[in-house]
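Here the structure is laid out as structure tokens; the discussion comes afterwards.
Side chains included, hydrogens not; waters and symmetry mates left out as well; all remaining heavy atoms used.
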Amino acid sequence: MRHFLEVDDLSASELIEVLDSAAEPSPEPVLAGKGVALIFEKPSNRTRNSSEMAVVGLGGHPISIRGEEIGLGVRESVEDVTRVLARYHSVVGARVFDHSVLEAMAKVNEVPIVNLLSDLAHPCQALADLLTLRNRWGALRGRRLAWVGDGNNVARSLTLACGLAGIDVRVACPAGHELDPVAVDGARASGVEVTVTNDPAGAVEGADAVCTDVWVSMGQEGEQADREDAFAGYQVDEALMARAAPGALFLHCLPAHRGLEVSPAVIEGPASVVFEQAENRMHAARGLLLWLVRKRRQT
Ligand code: CP
Ligand code: NVA
């Protein structure tokens, strides 16, 4: 049984299969009469709505469940929750604080588990981001992407995804907020160049895409003031974008904070593809579900 807890659960060729599935104009209704459970321990706009509509697009019935309703590991053990949901649903997705909860769910191995964001990774976002870049650029291989800001869950998954897709990555993070070395090594092992720096201008120089995310992720609200100090100088503004390659794109997974990690002019400007990314969350989720269900049929 296949799970999707991080991008590197897929091989490079499987990643392309998932992106191709996302682009299928009339996907087979592989979830007709079936359920998909979507658990959310944290707030969500894009992930919940895109996942629900992806399930609907495959003929299935999504059931979104708030963390406190189900009490993962509190009301009932993570394993028992998973074993029960496996009796009703074809796939279970979960957004959790602690990535190890997803690992425990996957270990049950009775239903495919999809990571809808954890403290460690946001692989569904990375799929949507690659789909967005592919729609804009055509071929991905040989391009260069700059990440400016927090070396967080979104940065980790996107770096691994770039590795599999053949995109070089330059990551600029302040000291103490660097990208997980597992992602750096993983992307390098895939054969791309990964540069790690504390210099946003150097990272963005000549890049084909510039990406950022919030400075304060869900669960880190108590660190707001310290983080705003640490990330001073990391805002993606027009001066920084001017260093990128001509026609470079600006990406942000949203929600965004104008005036902090991105200037209003950049997010509203011609380089910005943030709402294409948001739409592509739905297409990417549909492609992933299609791929997971087909894989399960083959086993
Ligand atoms: N980008 C993203 O995951 O958004 P939500 O937190 O609204 O789901
Ligand atoms: N890094 C952010 C992403 C939100 C979609 C967080 O984890 O809150």
Side-chain angles (χ1 to χ4, degrees), residues 1-22 98-100 102-103 106-107 109 112-134 137-200 202-213 217 245 249 251 253 284 287-288 291-292 295:
M1 175 152 334
R2 299 296 296 268
H3 305 283
F4 188 62
L5 304 195
E6 179 51 301
V7 170
D8 58 1
D9 286 337
L10 301 174
S11 68
S13 60
E14 288 173 341
L15 175 66
I16 301 301
E17 285 172 20
V18 170
L19 296 181
D20 289 345
S21 302
D98 183 348
H99 190 79
S100 68
L102 291 167
E103 290 171 340
K107 208 165 167 206
N109 215 34
I113 304 297
V114 173
N115 180 1
L116 301 179
L117 181 147
S118 68
D119 54 337
L120 188 78
H122 198 5
C124 291
Q125 182 68 50
L127 293 180
D129 295 349
L130 284 192
L131 198 58
T132 305
L133 294 174
R134 196 172 78 158
W137 291 341
L140 295 172
R141 189 162 296 281
R143 293 282 190 164
R144 191 196 304 158
L145 176 145
W147 178 272
V148 177
D150 195 8
N152 62 13
N153 46 5
V154 174
R156 186 189 205 273
S157 295
L158 185 57
T159 300
L160 287 167
C162 285
L164 292 178
I167 301 171
D168 293 332
V169 187
R170 290 198 183 156
V171 187
C173 307
H177 300 282
E178 288 96 348
L179 181 60
D180 185 345
V182 170
V184 176
D185 295 345
R188 282 184 182 148
S190 298
V192 301
E193 213 175 276
V194 182
T195 312
V196 177
T197 172
N198 301 125
D199 171 25
V204 167
E205 201 70 53
D208 299 303
V210 180
C211 312
T212 192
D213 184 17
S217 281
L249 302 174
L251 285 87
C253 66
L288 177 69
W291 187 87
L292 282 170
K295 273 282 164 205

Could you report the tightest heavy-atom contact between [X] and [Y], atom names first, then the distance?
X: Gly149; Y: Thr212; answer: CA-OG1, 4.4 Å
X: Gly163; Y: Ser190; answer: O-CB, 3.3 Å
X: Leu102; Y: Ser118; answer: CD1-CB, 3.9 Å
X: Val169; Y: Cys162; answer: CG2-CB, 3.5 Å
X: Ala207; Y: Ala146; answer: CB-CB, 3.9 Å
X: Ala22; Y: Leu131; answer: CB-CD2, 3.8 Å

Just how far is it from atom [atom1] of [X] to atom [atom2] of [Y], taken to the nearest 0.5 Å?
X: Ser217; Y: Asn152; atom1: OG; atom2: CG; value: 4.5 Å
X: Leu158; Y: Ile167; atom1: CG; atom2: CD1; value: 7.5 Å
X: Glu14; Y: Asp20; atom1: CD; atom2: CG; value: 12.5 Å
X: Leu288; Y: Glu17; atom1: CG; atom2: CD; value: 12.0 Å
X: Leu5; Y: Glu103; atom1: CG; atom2: CD; value: 6.5 Å
X: Arg143; Y: Leu249; atom1: CZ; atom2: CG; value: 8.0 Å

Backbone of [Y] reached by a side-chain donor or acceptor of [X] within 3.5 Å:
X: Glu205; Y: Ala203; answer: no
X: Asn153; Y: His122; answer: no
X: Ser157; Y: Val7; answer: no
X: Arg2; Y: Asp9; answer: yes
X: Arg188; Y: Val194; answer: yes

Do [X] and [Y] make a side-chain contact, defined as non-hydrogen atoms from C-beta onward lying under 4.5 Å apart?
X: Phe4; Y: Val18; value: no
X: Leu251; Y: Leu133; value: yes
X: Asp208; Y: Trp137; value: yes
X: Asp180; Y: Thr159; value: no
X: Asp213; Y: Asp150; value: no
X: Leu127; Y: Leu15; value: yes

Count the heavy atoms belonging to other residues, nucleotides or ligands that lie under 6.0 Å from NZ of Lys107, then report whether that count exceeds 12.
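Atom NZ in Lys107 is not crowded, with 12 or fewer foreign heavy atoms closer than 6.0 Å.
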- Query: Of Val154, Val210, Val196, which is the lone residue that meets side-chain contact (heavy atoms from CB on, under 4.5 Å) with Trp147?
  - Reply: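 So, applying the side-chain contact (heavy atoms from CB on, under 4.5 Å) to Trp147 and each of Val154, Val210, Val196, only Val154 qualifies.
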Donor-acceptor pair between Asp98 and Ser100 side chains, under 3.5 angstrom =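 The answer is yes; a qualifying pair exists.
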In terms of side-chain heavy atoms, does His3 have a donor or acceptor partner in Asn115 at a distance below 3.5 Å?
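No, no side-chain donor-acceptor contact under 3.5 Å.
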Start with the C-alpha gap between Arg156 and Glu6, add the side-chain angles, then the distance that decides, and say whether salt bridge (charged side-chain N to carboxylate O under 4.0 Å, His left out) holds.
-> CA-CA 9 Å; Arg156 186 189 205 273; Glu6 179 51 301; 2.9 Å; yes
Pair Arg144 + Glu193, salt bridge at N-O below 4.0 Å: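 Answer for the salt bridge query: no.
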Worksheet entry | Basic-acidic side-chain contact under 4.0 Å: Asp199, Arg170 |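 Looking at Asp199 and Arg170, the cut-off is not met.
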